[in-house]
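Single-structure report; data block below.
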There are 2 protein chains.
Amino acid sequence: MSAISERRERERAQRHRLIVATARELAETEGWEAVTTRRLAERVEYSQPVLYSHFDGKDAIVAAVALDGFTELAGHLSRARQAAPDPGQSLRAVCHAYLDFATERPALYDAMFVLPTELRFASAETPPPLRACFDEFVSCFDPGDERRELSAEVIWSALHGITVLSRSGRIPVGGQEERLDFLVARFGTAENGPADLGS
Amino acid sequence: MSAISERRERERAQRHRLIVATARELAETEGWEAVTTRRLAERVEYSQPVLYSHFDGKDAIVAAVALDGFTELAGHLSRARQAAPDPGQSLRAVCHAYLDFATERPALYDAMFVLPTELRFASAETPPPLRACFDEFVSCFDPGDERRELSAEVIWSALHGITVLSRSGRIPVGGQEERLDFLVARFGTAENGPADLGS
DNA sequence: ACCGGATCCTAGCAGCGCTAGACATCCTGT
DNA sequence: ACAGGATGTCTAGCGCTGCTAGGATCCGGT
């Protein structure tokens, strides 16, 4: 009973991963609109109902892909931050890495930020990988800065806005590097910022 | 021939507006996922094919709603800017108005910025209402500032990011006012900004 | 009065997410 | 060794979606 059921559980976990990986691959090569339960089932060589024995529905599969994406993004940002030549440039490095990630993996980025998923963030159980991404931004600021979380939130918002608005052409697609420079200059360390405006 | 066909054209234009208005109302009361061609056709008391004699498809209807939204937003921002007590506070007023608009009309905002539509922005024929929205931000900066367009792009991006990330709970829903203050402080006039960082 | 064209609706297609129920397969207890 | 039950999988189908072909109907112009 034990060895056999363990093997089955192992196989089941592997198939779980296969489904997520296949969904992601399909999305990255043909776009999310091509990711249907039928096509996905065919690709993993199982019937549709098998998908539903692993996930509550399609949204849950997208959410699983998004979670993988957050983990990857966290690593990507962390490496960029630690590779920065000096701490003063870590913010720029992390921001640059973020925009890189978004433009190089648009489908994955959509799963993480645009598509409707069942992921809940605000509540207590914020997925750790998402928190890790956020913390990479926070770490770029002086630990003594009591507004570093606020800075991180606004920086992230700006980067996300730049990503989606330029991608859809609502702002010109060119000039990303210039925007990045501008953003980092304005949001660099508080010491370089404008006069303190209280509270 | 002339009077009658004119009347028909008038009626046709009115029905066109009716479709757009109904789609918007349906979206604002029940969400865009409730806006189906069947339900919409039933609401306007015509059959489905009539919709397709006015629009190329559902996306085109969403785009029409979005275009109305851009017009409204432009007026909203313009009023806010002109009502600002002094020019130095116009940027804050416009940003505040933007966030207001986004939170008070989430469905309309989604049509304008989130949902897939066939609207093309980057090309030469950027819809005038969208350009008008953008110009409201630009107008908050000194005409002599050669980077006012860049400022407007980044400000807009940040506002959009704040809107969608807080709405989905990826950043905390509270503290919008604080983010707004922070953003405006950092992006106020260049004179108040950090030390010039070249180019 | 009647013809011709514009207008509109009925009916249906292919595809979607999802699920009930039949079928097979394999482990377990005697 | 074998029956019985649990487990796992598939076939088939439901209600919905966006969209369209083809026929009926109505109405203005001659």
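Naming: A, B, ... by sequence-line order, numbering from 1 per chain. Note that these values count all heavy atoms, side chains included, but never hydrogens, waters or copies made by symmetry.
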Heavy-atom pair with the smallest gap, counting every atom of A:Arg148 and A:Val138: NH2-O, 3.4 Å
Atom-pair distance (CZ on A:Phe55; P on C:dG17), nearest Å: 15 Å
Annotated protein contacts, base or backbone, on nucleotides 4-10 of chain C with a non-hydrogen cut-off under 4.0 Å, one of B, S, - each: --SSSBB
Within 45° cone of B:Tyr46 ring axis and under 6.0 Å: B:Arg15 NZ or CZ: yes
CA sep, side-chain torsions, deciding dist, call: A:Gln176, A:Arg179, side chain to side chain donor-acceptor pair (under 3.5 Å): CA-CA 5 Å; A:Gln176 291 293 73; A:Arg179 290 185 195 112; 2.3 Å; yes
N or O in side chain of B:Thr37 less than 4.0 angstrom from D:dC19 OP1/OP2: no
Spacing between A:Glu11 atom CD and C:dC27 atom P, to the nearest angstrom: 11 Å
Other residues, nucleotides, ligands: >12 heavy atoms within 6.0 Å of B:Gln14 CD: no
Interatomic distance, B:Lys58 NZ vs C:dC16 P [rounded to whole Å]: 16 Å
Distance (rounded to the nearest 0.5 Å) between A:Tyr109 OH and A:Leu99 CG: 8.0 Å
Sub-6.0 Å ring centroid separation between B:Phe70 and B:Phe134: no
Where at least one partner belongs to residues 9-37 of chain B, residue pairs that pass ring pair (Phe, Tyr, Trp, His ring centres under 6.0 Å), sequence neighbours excluded: B:His16-B:His54, B:His16-B:Phe55
Nucleic acid contacts of residues 23-33 of chain B, taken as heavy-atom distances under 4.0 Å to DNA chain D: none
N or O in side chain of A:Arg39 less than 4.0 angstrom from C:dC16 OP1/OP2: yes
side-chain contact (heavy atoms from CB on, under 4.5 Å) assessment of A:Cys133 paired with A:His76: CA-CA 9 Å; A:Cys133 292; A:His76 195 62; over 6 Å; no
Separation of D:dG18 P from B:Leu40 CG (nearest whole Å): 9 Å
Between protein and nucleic acid, restricted to nucleotides 22-25 of chain C and to nitrogen or oxygen atoms under 3.5 Å apart, what atom pairs and distances do you find?
none

Spacing of B:Asp59 atom CG relative to D:dT17 atom P, expressed in whole Å: 16 Å
Gap between atoms NE2 and C1', on B:His54 and D:dC19 respectively (whole Å): 16 Å
Residues B:Gln89 and B:Arg92: side-chain donor-acceptor under 3.5 angstrom: no
Results of ring-ring contact (aromatic ring centres under 6.0 Å, His included) for B:Tyr52 - residues two or more places apart only: none
Side-chain N or O of A:Arg38 closer than 4.0 Å to phosphate OP1/OP2 of C:dG15: no
Whole-Å gap separating P (C:dC18) and CG (A:Leu51): 10 Å
Partners meeting salt bridge (Lys or Arg N to Asp or Glu O under 4.0 Å) with A:Asp110 (sequence neighbours left out): A:Arg167
